[in-house]
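One structure is given here, and the rest of the page talks about it.
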Protein chains: 2
Amino acid sequence: MLADANFETPVVGKQRLRSGERRAAILRTAVELFAQRGFRGTTTRELASAVGVSEPVLYQHFATKRDLYTAIVDHMVAQASQTFDASMRQVDGGQDDRELLQALGEVILSWYLQDPAQIRLLLFSGLEGHELAELWHERATTQFKAFVASYMERRIKDGAFRGFDPHTLSLAFVGPIAHYGLVSTVFRCPLPERPRNEIVREFVDLFLNGIRPRAEGDL
Amino acid sequence: MLADANFETPVVGKQRLRSGERRAAILRTAVELFAQRGFRGTTTRELASAVGVSEPVLYQHFATKRDLYTAIVDHMVAQASQTFDASMRQVDGGQDDRELLQALGEVILSWYLQDPAQIRLLLFSGLEGHELAELWHERATTQFKAFVASYMERRIKDGAFRGFDPHTLSLAFVGPIAHYGLVSTVFRCPLPERPRNEIVREFVDLFLNGIRPRAEGDL
DNA sequence: TCAGCAAGCTAGCGCCTGCTATCTTGGTAG
DNA sequence: CTACCAAGATAGCAGGCGCTAGCTTGCTGA
């Protein structure tokens, strides 16, 4: 499972290593429980017993239950920012539209499918949900969205894309992918298992060419 | 505000009318608070004082805090089912694709924009979020989605739409609209105010024709 | 004018929560 | 073998929660 790779122990010394491992275990279990029962629906007693330690151990890693929550969200935001930044740097102007959109789409979809519990935590945890979502959006996705929008704008000026509002185009492109991610993992609706790149390829094709057959064949 | 029209008093007698009004007020306030602070983050004391009544009055309308929550969700599901059913009946085979998709799209978008607090409640309330979402999806949108998918399937057989998986097409059509609804109201991201039918018209156009310019002009 | 009564508020019960003071234990140096 | 000490579990505190018993109020009809 990919989730196990998250929350690694930061090695500061030989002594602290075991402690770091436990800290990571606490964080992982907390993501699971908060996503399942919500922040307030999860008691520190439950969390401690699920991790397999006593309650005071929790408080020797995190001053407050809320601090634990903040640590999780910070980790998520940092990780997502990093992923999105990397994908933006990786993309260069040399690729054609299909390749570029494919790369962007796969990044977005992967983020949704990577660890459903984290996404569910973000949406369902019930701790001032909208503030959190705003913060999240502000810090992690603003740049990425601006990047997509500016790309759309450039291609409109080139005459390669039709003249819509760039933000509308961003939504039209991101929408199906995000919706797929939410429906298939967050809402746990059964959808046929398919490779990610294939799913994205279809959405990219539809975005570029539309649902109606075209007269002349495109690549 | 449209929200005020919801949770109307069911008139069973002259005596009960005032009581029904208060019941409606409780439900409306509860939606607001649950959406804001979550289910467990809202105390019955807070709710009572926000409504302007004492706590026991709450319990004379709803046996349990959880019952109150269930009543809200039931109301949402019933209302949405009704809306979607009506829109499905309204649509007949005579319309062309653009008109039909426009009608469907407006129904979906209106549902998202109608009362953001209700949507936020569904996502953020934090009471076994995923179970609720599953229930919600099962009862309110399954038929609608099946309807859209079967429409897509028919048009593929007609040769009017390209040969994709019908469910992929459903997602590609619903995705941008749902994403717009979530981003603009639920996550409170500032987007330029625009008339709903115009927004939907652009998404429908993009869905049908794609982002690339076409050789022969369509309607 | 005043008994009768429905309807509402005050005050509080028992439970559970986040958090912690205190005791216990197991490993190590001399 | 024993004195020491860090690290962890037990048990419990103070406060807040969902929920309610019982008192108070103000309206109704004779």
Side-chain angles (χ1 to χ4, degrees), chain A residues 9-27 29-73 121 125-128 132, chain B residues 9-27 29-73 121 125-128 132:
Chain A
T9 141
V11 182
V12 281
K14 196 69 189 296
Q15 286 291 52
R16 296 270 155 178
L17 200 134
R18 276 286 149 82
S19 159
E21 272 169 19
R22 198 143 59 177
R23 187 191 148 97
I26 292 170
L27 284 168
T29 312
V31 167
E32 215 75 34
L33 288 182
F34 288 167
Q36 223 169 71
R37 308 190 229 271
F39 175 74
R40 298 197 217 235
T42 307
T43 69
T44 51
R45 266 177 257 269
E46 280 176 337
L47 176 57
S49 94
V51 177
V53 297
S54 67
E55 256 185 295
V57 176
L58 257 52
Y59 288 92
Q60 108 191 20
H61 289 281
F62 305 95
T64 292
K65 188 191 176 192
R66 206 200 163 96
D67 277 5
L68 169 57
Y69 186 78
T70 308
I72 292 172
V73 173
L121 165 73
S125 65
L127 177 59
E128 287 112 46
L132 180 61
Chain B
T9 140
V11 183
V12 279
K14 199 69 189 295
Q15 285 290 55
R16 297 269 155 179
L17 201 133
R18 277 286 150 84
S19 160
E21 272 168 18
R22 198 145 58 177
R23 188 190 146 96
I26 292 170
L27 284 167
T29 312
V31 167
E32 215 76 34
L33 289 182
F34 288 167
Q36 225 169 68
R37 307 191 230 269
F39 175 74
R40 299 197 216 234
T42 308
T43 69
T44 52
R45 270 176 254 270
E46 280 176 337
L47 176 56
S49 94
V51 176
V53 297
S54 67
E55 255 186 296
V57 175
L58 258 52
Y59 288 90
Q60 108 191 20
H61 288 281
F62 305 95
T64 292
K65 190 191 176 192
R66 206 200 164 96
D67 277 5
L68 169 57
Y69 186 77
T70 307
I72 292 172
V73 174
L121 165 73
S125 63
L127 176 59
E128 288 113 46
L132 180 61

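Predicted, not measured: the structure shown is a model, and the values here were computed from it. Here is the naming used below: chain letters follow the sequence lines, and residue numbers restart at 1 for every chain.
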Could you work out which one of C:dG8, D:dC19, C:dC19 sits closest to the side chain of B:Thr64? D:dC19
Figure out the CZ/P separation between B:Arg66 and D:dC17, and round it to whole Å. 19 Å
In this structure, how many angstroms lie between the P atom of D:dG8 and the CD1 atom of A:Ile26, rounded? 10 Å
Could you check whether B:Ser54 gets within reach of a base, just the sugar-phosphate, or nothing at all, counting any heavy atom under 4.0 Å? base
Rounded interatomic separation in angstrom, taking CG from A:Leu33 and P from C:dG18: 12 Å
Among C:dT20, D:dC19, C:dG18, which is the nearest nucleotide to the side chain of A:Lys65? C:dG18
Taking every heavy atom of A:Leu58 against every heavy atom of A:Thr44, the minimum-distance pair comes out as CD2-O, 3.6 Å
Give a yes/no answer on whether the side chain of B:Thr44 brings an N or O atom under 4.0 Å of OP1 or OP2 in D:dG18. yes
Checking the side chain of A:Lys65 only, and the main-chain atoms of A:Thr43 only, is there a donor and an acceptor separated by less than 3.5 Å? no
Please report the distance, rounded to the nearest Å, between CG in A:Asp67 and C1' in C:dG18. 13 Å
Counting side-chain heavy atoms from C-beta on, which of D:dG8, D:dT10, D:dC17 comes nearest to B:Thr43? D:dC17
Out of D:dG8, C:dA7, D:dT20, which has the shortest distance to the side chain of A:Arg22? D:dG8
Between D:dC19 atom P and B:Leu47 atom CG, what is the distance in whole Å? 12 Å
Would you tell me if any nitrogen or oxygen in the side chain of B:Gln60 comes within less than 4.0 Å of OP1 or OP2 on C:dG8? yes
Between atom NE2 of A:His61 and atom CD1 of A:Ile26, what is the distance when rounded to the nearest 0.5 Å? 4.5 Å
Could you check whether the side chain of B:Arg45 and the base of D:dG18 have a donor-acceptor pair of N or O atoms closer than 3.5 Å, going by distance alone? yes
From CD of A:Glu46 over to P of C:dT17, roughly how many Å is that when rounded to an integer? 7 Å
Distance test, side-chain N/O of B:Arg40 to OP1/OP2 of D:dG18, below 4.0 Å: no
Atom pair distance, as rounded to whole Å: CD in B:Glu55 and C1' in C:dG12: 11 Å
In whole angstrom, what separates B:Leu58's CG from C:dA7's P? 17 Å
Mind running side-chain contact (heavy atoms from CB on, under 4.5 Å) on B:Arg40 and A:Phe39 for me, showing each step along the way? CA-CA 9 Å; B:Arg40 299 197 216 234; A:Phe39 175 74; over 6 Å; no
Drop me the distance from B:Gln60's CD to B:Glu55's CD, to the nearest 0.5 angstrom. 13.0 Å
